[in-house]
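First the proteins, then the strands, lettered A, B, ... as listed; each starts at 1. This is a predicted model, so every value here is computed, not measured. Atoms considered below: every heavy atom in the structure, side chains included; atoms not considered: hydrogens, waters and symmetry mates.
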Protein chains: 2
Amino acid sequence: MAPWGELFAGVRGVLLDISGVLYDSGAGGGTAIAGSVEAVARLKRSQLKIRFCTNESQKSRAELVGQLRRLGFDISEGEVTAPAPAACQILKERGLRPHLLIHDGVRSEFDQIDTSNPNCVVIADAGESFSYQNMNSAFQVLMELESPVLISLGKGRYYKETSGLMLDVGPYMKALEYACGIQAEVVGKPSPEFFKSALQAIGVEAHQAVMIGDDIVGDVGGAQRCGMRALQVRTGKFRPSDEHHPEVKADGYVDNLAEAVDLLLQHVDK
Amino acid sequence: MAPWGELFAGVRGVLLDISGVLYDSGAGGGTAIAGSVEAVARLKRSQLKIRFCTNESQKSRAELVGQLRRLGFDISEGEVTAPAPAACQILKERGLRPHLLIHDGVRSEFDQIDTSNPNCVVIADAGESFSYQNMNSAFQVLMELESPVLISLGKGRYYKETSGLMLDVGPYMKALEYACGIQAEVVGKPSPEFFKSALQAIGVEAHQAVMIGDDIVGDVGGAQRCGMRALQVRTGKFRPSDEHHPEVKADGYVDNLAEAVDLLLQHVDK
């Protein structure tokens with residue numbers, strides 16, 4: 001690992017994952033990760049540009065931000081890059097009418113989208129709504145299409161709730177890919193377009209940015225492939241084996257967001 | 001396609017898939033496919049050896065055979081090669097205690113198996129039991145194991161019920177593989193061991209046998225890789241695009257089992 005000063009040379013902006021970095025989601029709105037509320041506040045008082053870059057697709061941005069504010073975070077909807085709005089943009093541009101296999105909590109993001117006579121499927125982290133019946137309905141829609149289009153909001157393997165590890169959208173995306181013999185289009189991390197749109201929103205180039213996340217593949221690997229530096233926090237879905245991942249090596253590992261921000265603010269060019 | 005006489009030269013035995021060949025499963029026990037009851041009876045009156053080789057894993061063999069007999073088929077439990085008994089054999093040999101993600105209908109096949117303190121997961125076509133909660137429990141068991149073992153009864157993509165196409169175990173196996181970063185061990189078609197055990201049961205060599213199935217990959221491709229000839233019927237899950245499959249070409253395509261048996265009995269060496 002490079003010395004921290006060298007690692008952070010020229011950094012102007014920070015992308016922050018939310019779940020597992022700011023808080024652990026779960027019953028009753030989840031729990032802030034120790035030190036994260038103050039860490040976000042310190043970042044915001046610094047000269048660094050900051051953008052929240054999440055694959056959250058169980059909740060609308062409004063609901064997510066409301067929940068985080070109740071936990072004490074200084075965050076607003078306009079600071080969040082999330083997959084559902086990005087997907088809506090794509091659906092409109094391409095004239096796609098989705099069959100939605102999504103969580104009720106995120107449905108409001110699709111209010112302006114025509115879902116009649118579907119010509120594609122959008123899959124997101126649907127949680128309990130990943131019933132056999134709902135999966136089968138999505139499968140049947142895809143099999144009726146001449147050129148099946150499957151759009152997946154992220155492709156995470158799992159995330160951590162206060163109650164334990166939970167399956168994310170990725171396994172269900174893979175299930176439909178295999179069932180239909182197709183490849184999904186992923187909207188969200190680790191798609192390069194998604195990271196780039198987050199960077200554009202704060203006017204920072206990839207080589208000037210650090211991603212901080214708990215997902216060694218989706219956050220760290222994805223950001224690095226876009227030319228960013230990336231730190232993995234040892235919170236959220238982090239597992240010790242991540243530090244010996246066969247394909248991805250973070251630029252740095254830190255115990256939590258608080259440590260990451262400490263190091264950043266100590267070493268980033270004043 | 002070779003002329004039928006040439007194709008069937010030296011054939012001594014026939015492996016028959018069940019679902020989609022003999023009958024379409026569905027509400028009320030399903031429906032026999034036209035001509036199949038008589039076709040099985042004719043095969044049994046011939047000099048050919050016959051074995052039923054199924055990936056059925058929602059029902060015990062006893063229940064499956066009972067259902068088929070009610071539809072008029074001449075079939076007994078001892079004539080059926082099925083994944084659940086084959087899996088039990090493997091579990092016993094390797095001292096594995098499974099967490100079972102299976103349909104209630106097949107649970108009796110595992111009556112003699114120790115399922116306490118599980119050190120592997122067995123997944124089968126669980127149908128409605130593929131709830132998010134059940135998938136997540138299996139996932140959590142696997143993630144707790146140092147060397148996760150996932151045994152899948154078949155890896156079919158989908159099958160046809162009278163109500164339409166239905167997701168099979170394969171997509172859910174892929175979901176757990178992706179979630180845990182592992183590879184499942186498949187017990188059932190297209191595993192070569194499974195076809196071989198069906199052939200052994202009738203004392204027929206692969207080069208003397210014809211497989212008849214509706215699944216271009218699981219039945220036809222799997223049997224061909226074992227050195228068998230294989231016919232695809234245009235019933236069950238057959239789709240016209242199967243005849244132009246990029247990787248698998250059946251030795252012959254027939255409208256249904258009745259046509260296959262007509263051709264076999266006309267052309268097989270007397």
**Option that, when pairs with chain B are counted at under 4.5 Å, heavy atom only, ranks first among A:Gly127, A:Ser129, A:Cys180, A:Gly156** = A:Gly127

**Prompt:** To the nearest 0.5 Å, how far apart are NZ in A:Lys174 and CG in B:Leu176?
**Reply:** 14.0 Å

**Message:** Angle between ring planes, B:Tyr172 versus B:Phe130, binned at 30° and 60°: parallel, tilted or perpendicular?
**Reply:** parallel

**Prompt:** Which heavy-atom pair separates B:Lys237 from B:Asp215 by the least distance, and what is that distance?
**Reply:** NZ-OD2, 3.1 Å

**Test: A:Asp168 and A:Arg157 ion pair at under 4.0 Å** = no

**Prompt:** Taking B:Met135, B:Gln133, B:Glu177 one by one, which has the highest count of heavy-atom pairs under 4.5 Å against chain A?
**Reply:** B:Met135

**Message:** Need one label for B:Glu128: side chain, backbone, both or neither, based on atoms under 4.5 Å from any heavy atom in chain A.
**Reply:** both

